[in-house]
Amino acid sequence: VKVHGPPKLAARGADLPFVLVSPQLEEGMRWEASVLHALLAAVRSGLRIDAQRVTATGLSLGGHGVWEWATTYPEDLAGIAPVCGFGEPTGICRMKNVPVRAYHGADDTVVPLSGQQACVDALRACGGKAELTVYPGVGHDAWSPAYDDASLVPWLMARHRA
């Protein structure tokens with residue numbers, strides 16, 4: 001888990017003034033929104049967590065997981081940052097109050113940009129707020145530039161559910 005994303009930043013000694021939970025998906029599995037919802041409940045039962053400021057990010061299948069979580073349990077999240085993610089655009093309006101900052105490689109052949117673009121477009125169409133950063137010439141490894149983006153952590157920390 002410490003190879004990419006926020007766990008990598010923490011391992012490098014980055015000052016991350018929040019509780020960081022980084023579950024690992026078992027091989028051959030997919031994230032289920034109900035599992036992420038239950039994980040949040042378990043973390044909240046043991047730690048002082050501001051329920052209005054919970055955010056999520058994930059890469060590839062993790063990016064898919066945060067789209068699914070936000071769509072199924074929008075009340076759980078103040079914002080999401082899926083990287084190389086994808087979701088089901090037909091249910092996106094349920095999460096119209098969850099802001100999104102998505103990242104994707106233009107040349108991703110593992111998880112095509114079109115899947116994430118469809119979710120961003122659907123969210124914008126129903127009045128939600130979504131940013132999408134597309135890295136030209138980048139394939140499936142959009143997480144390296146995304147998690148090196150110095151504005152990502154402040155963006156996540158600035159999210160607050162009304």
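Remember, it's a predicted structure, so these values are computed and weren't measured experimentally.
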Going by the side chain to side chain contact (heavy atoms under 4.5 Å, CB included) test, name the single residue among V120, V138, T133, V111 that passes it with H104.
->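 With H104 as partner, V120, V138, T133, V111 yield a single side chain to side chain contact (heavy atoms under 4.5 Å, CB included), made by V111.
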[atom1] of [X] to [atom2] of [Y]: how many Å apart, nearest 0.5 Å?
X: L132; Y: L123; atom1: CG; atom2: CG; value: 11.5 Å
X: Y147; Y: H4; atom1: OH; atom2: NE2; value: 10.0 Å
X: Y103; Y: S144; atom1: OH; atom2: OG; value: 13.0 Å

Check: [Y] and [X] side chains under 4.5 Å, non-hydrogen atoms:
X: S60; Y: V83; value: no
X: I92; Y: C119; value: yes
X: V66; Y: W31; value: no
X: E68; Y: E32; value: no
X: H37; Y: W69; value: yes
X: T57; Y: I80; value: no
X: M157; Y: F18; value: yes
X: V54; Y: L40; value: yes

Does a side-chain N-to-carboxylate-O contact under 4.0 Å join R159 and D50?
->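 No, this pair does not count.
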Is the shortest side-chain N to carboxylate O distance from D149 to R101 below 4.0 Å?
->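 Judged by the 4.0 Å cut-off on N to carboxylate O distance, D149 and R101 do form a salt bridge.
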Could you pull out the closest heavy-atom pair between [X] and [Y], with the gap in Å?
X: Q116; Y: C84; result: NE2-N, 3.8 Å
X: V134; Y: G105; result: CG1-C, 4.5 Å
X: D76; Y: R161; result: C-NE, 4.4 Å
X: L113; Y: A106; result: CD2-CA, 4.5 Å
X: C93; Y: A122; result: SG-O, 4.3 Å
X: G137; Y: D107; result: CA-OD2, 3.1 Å

Check the hydrophobic clustering (I, L, V, M, F, W, Y; side-chain heavy atoms under 4.5 Å; chains of links allowed) and say if [X] and [Y] are grouped together.
X: Y73; Y: L25; answer: yes
X: L36; Y: V98; answer: yes
X: L20; Y: W155; answer: no
X: L9; Y: W143; answer: no
X: V35; Y: L61; answer: no

Taking atom types as modelled and ignoring hydrogens, do the side chains of H140 and T109 form a donor-acceptor contact shorter than 3.5 angstrom?
->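 Judged by distance alone, the side chains do not pair up.
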Check: [Y] main-chain N/O paired with [X] side-chain donor or acceptor under 3.5 Å:
X: R124; Y: K129; result: no
X: E131; Y: V100; result: no
X: H64; Y: F86; result: yes

Are R44 and L47 close enough, and set up right, to give a side chain to side chain contact (heavy atoms under 4.5 Å, CB included), and what steps lead you there?
-> CA-CA 5 Å; R44 288 183 59 200; L47 298 171; over 6 Å; no
Any chance CD of E26 has more than 12 other-residue heavy atoms, nucleotides or ligands included, within less than 6.0 Å?
->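 It does not: E26 CD has 12 such atoms or fewer within range.
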Decide side chain to side chain contact (heavy atoms under 4.5 Å, CB included) for W67 and E88; before the verdict, give the C-alpha distance in whole Å, the side-chain angles of both, and the deciding distance to 0.1 Å.
-> CA-CA 8 Å; W67 276 113; E88 180 51 56; over 6 Å; no
Test I49 against V43 for side chain to side chain contact (heavy atoms under 4.5 Å, CB included), laying out the working first.
-> CA-CA 8 Å; I49 303 294; V43 170; 4.1 Å; yes
